[in-house]
Protein chains: 2
Amino acid sequence: MPTMTAAQKRARAKNEYDAFLAGCPSRELLDRISDKWVALLIAALAGDLPAREPGPLRYSELSRQVVGVSQKMLTQTLRSLERDGLVTRTVTPTVPVTVTYDLTDLGRSLQTVMRQLKSWAEQHMDEVFAHREAYDAG
Amino acid sequence: MPTMTAAQKRARAKNEYDAFLAGCPSRELLDRISDKWVALLIAALAGDLPAREPGPLRYSELSRQVVGVSQKMLTQTLRSLERDGLVTRTVTPTVPVTVTYDLTDLGRSLQTVMRQLKSWAEQHMDEVFAHREAYDAG
DNA sequence: CAGGATCCCGCTAGATACTG
DNA sequence: CAGTATCTAGCGGGATCCTG
């Protein structure tokens, strides 16, 4: 995520600075949390996955649960979540070293909201797909 | 948005097909609605902006309210929303032609959820930014 | 007015290889 | 095990010009 999007730069240049639409920090955050892997990692850590209880997970466990994530994106996303205070990273000096990740309270509060999004998707996807087919047919 | 992400292809290739994490339709939908302009357009059409009531908006009104969106992305995003049954597109044969966009009931139900996300961002951004500074300092 | 068609650039996800 | 480093291709998205 860039520090400032082209849209924001343009708005700034034109001196039309709209709080919600362009340069507002909450917009930045909205961008952040609507990231693909962010959503999945938070769900995974919250235990919001079939056959899993909430609790800390190790790096390798995460990479197994979040099917399809590359090492690069996993590390990168975890770092950004840690930076934002949404997850904790705990290193246990065993050999080899053990690293676990867990949600913070802040992270859990976010998860509550994210869960609703997931819920909406699950409830309405049939309807959306029906619309999509009708549109493509017409 | 691609029909199938690289992650999905990989999952399919490995025959590890996880419902929520890889190829599930609800995942696709989550991707869709976490789009930047989708969020903003829905908010705009819902009237979830300073000094605006809900109601239909014209193409040019949208492009003015959603600061920074290009014509291409505006059209593209509106089309996809229409295809998914989230907005309606109404053409009135005046000269020149008048086109208005409005949320459907489905779109409004989504907006309810999106609003929560926005709300979360607005309430917790200070905390997140504090974490961020601390992290960068350390 | 409401777009369609093109060109083109920057970013970034992803693959691969390496390491404490 | 839990990452880091490097390279590259692909495409999202912006700018620009054009039209019914």
Side-chain angles (χ1 to χ4, degrees), chain A residues 1-14 22 31-32 34-41 45 56-83 87-102, chain B residues 1-14 22 31-32 34-41 45 56-83 87-102:
Chain A
M1 198 151 324
T3 307
M4 193 183 308
T5 66
Q8 288 171 12
K9 283 186 214 150
R10 239 186 303 157
R12 210 182 275 276
K14 290 178 13 188
D31 278 357
R32 275 283 293 105
S34 66
D35 177 85
K36 175 185 184 177
W37 300 120
V38 165
L40 290 173
L41 287 182
L45 288 170
L57 282 173
R58 303 180 58 171
Y59 184 89
S60 49
E61 294 172 322
L62 277 171
S63 78
R64 244 172 285 124
Q65 295 204 7
V66 180
V67 176
V69 69
S70 63
Q71 285 190 348
K72 180 184 176 180
M73 290 319 292
L74 180 54
T75 302
Q76 189 172 306
T77 308
L78 284 170
R79 288 285 179 280
S80 75
L81 289 175
E82 185 193 3
R83 185 166 104 104
V87 310
T88 56
R89 177 174 182 273
T90 310
V91 181
T92 312
T94 52
V95 265
V97 69
T98 304
V99 182
T100 59
Y101 294 89
D102 202 357
Chain B
M1 198 154 319
T3 306
M4 192 184 308
T5 66
Q8 288 171 12
K9 283 188 214 149
R10 239 185 304 158
R12 209 183 275 275
K14 291 180 11 191
D31 278 356
R32 275 285 291 107
S34 66
D35 178 85
K36 175 185 184 177
W37 300 121
V38 165
L40 290 173
L41 286 182
L45 288 171
L57 282 174
R58 303 182 57 175
Y59 184 88
S60 50
E61 293 173 323
L62 277 171
S63 79
R64 243 171 286 123
Q65 294 205 8
V66 180
V67 177
V69 69
S70 64
Q71 286 189 350
K72 179 183 176 181
M73 292 319 293
L74 181 54
T75 301
Q76 190 172 304
T77 308
L78 284 170
R79 287 287 177 279
S80 74
L81 289 175
E82 185 192 1
R83 186 167 103 103
V87 310
T88 56
R89 178 174 182 271
T90 310
V91 181
T92 311
T94 52
V95 263
V97 67
T98 304
V99 181
T100 59
Y101 294 90
D102 202 357

*asked:* Does B/Q76 reach a base, just sugar-phosphate, or nothing at all? Heavy atoms under 4.0 Å.
replied: nothing
*asked:* What is the separation between atom CE on B/M73 and atom C1' on D/dT16, rounded to the nearest whole Å?
replied: 16 Å
_For B/Q76, all residues meeting side-chain contact (heavy atoms from CB on, under 4.5 Å), sequence neighbours excluded_ = B/K72, B/M73
*Looking only at atom types and distance, does a side-chain atom of B/T77 sit under 3.5 Å from a main-chain N or O of B/L74, one as donor and one as acceptor?*
no
*Closer than 4.0 Å, any side-chain N/O of A/W37 to the OP1 or OP2 of C/dG14?*
yes
*Quick one: salt bridge (charged side-chain N to carboxylate O under 4.0 Å, His left out) partners of A/R83, sequence neighbours excluded?*
B/D136
_Axis bend over the full length of the helix from C/dC1-D/dG20 to C/dG20-D/dC1, computed from five pairs that close each end, to 10 degrees_ = 60°
Output a table of nitrogen or oxygen pairs between the protein and nucleotides 2-8 of chain C separated by less than 3.5 Å.
| unit_1 | atom_1 | unit_2 | atom_2 | d |
| --- | --- | --- | --- | --- |
| C/dA2 | OP1 | B/R58 | NE | 2.9 |
| C/dA2 | OP1 | B/R58 | NH2 | 3.0 |
| C/dA2 | OP2 | B/S60 | N | 3.1 |
| C/dA2 | OP2 | B/S60 | OG | 2.7 |
| C/dG3 | OP1 | B/R79 | NH2 | 3.2 |
| C/dG3 | OP1 | B/R89 | NE | 3.3 |
| C/dG3 | OP1 | B/R89 | NH2 | 2.5 |
| C/dG3 | OP2 | B/Y101 | OH | 2.4 |
| C/dG3 | N7 | B/Q71 | OE1 | 3.3 |
| C/dG3 | O6 | B/Q71 | OE1 | 3.4 |
| C/dG4 | OP1 | B/R79 | NH2 | 3.4 |
| C/dG4 | O6 | B/Q71 | OE1 | 3.4 |

*Can you tell me if B/T98 uses its side chain to pair, donor with acceptor, with the backbone of B/T94 under 3.5 Å?*
no
*Excluding sequence neighbours, so at least two apart, what forms side-chain hydrogen bond (donor to acceptor under 3.5 Å, both in side chains) with A/T92?*
none
_Length of the CG-P vector between B/L57 and C/dC1, whole Å_ = 15 Å
*What are the two closest heavy atoms between A/D102 and A/P56, and how far apart are they?*
OD2-CG, 3.6 Å
*Distance-minimising heavy-atom pair for A/T75 and A/Y59*: OG1-OH, 3.0 Å
_Contacts of type side-chain contact (heavy atoms from CB on, under 4.5 Å), residue A/V91, not counting sequence neighbours_ = A/R89, A/V97, A/V99
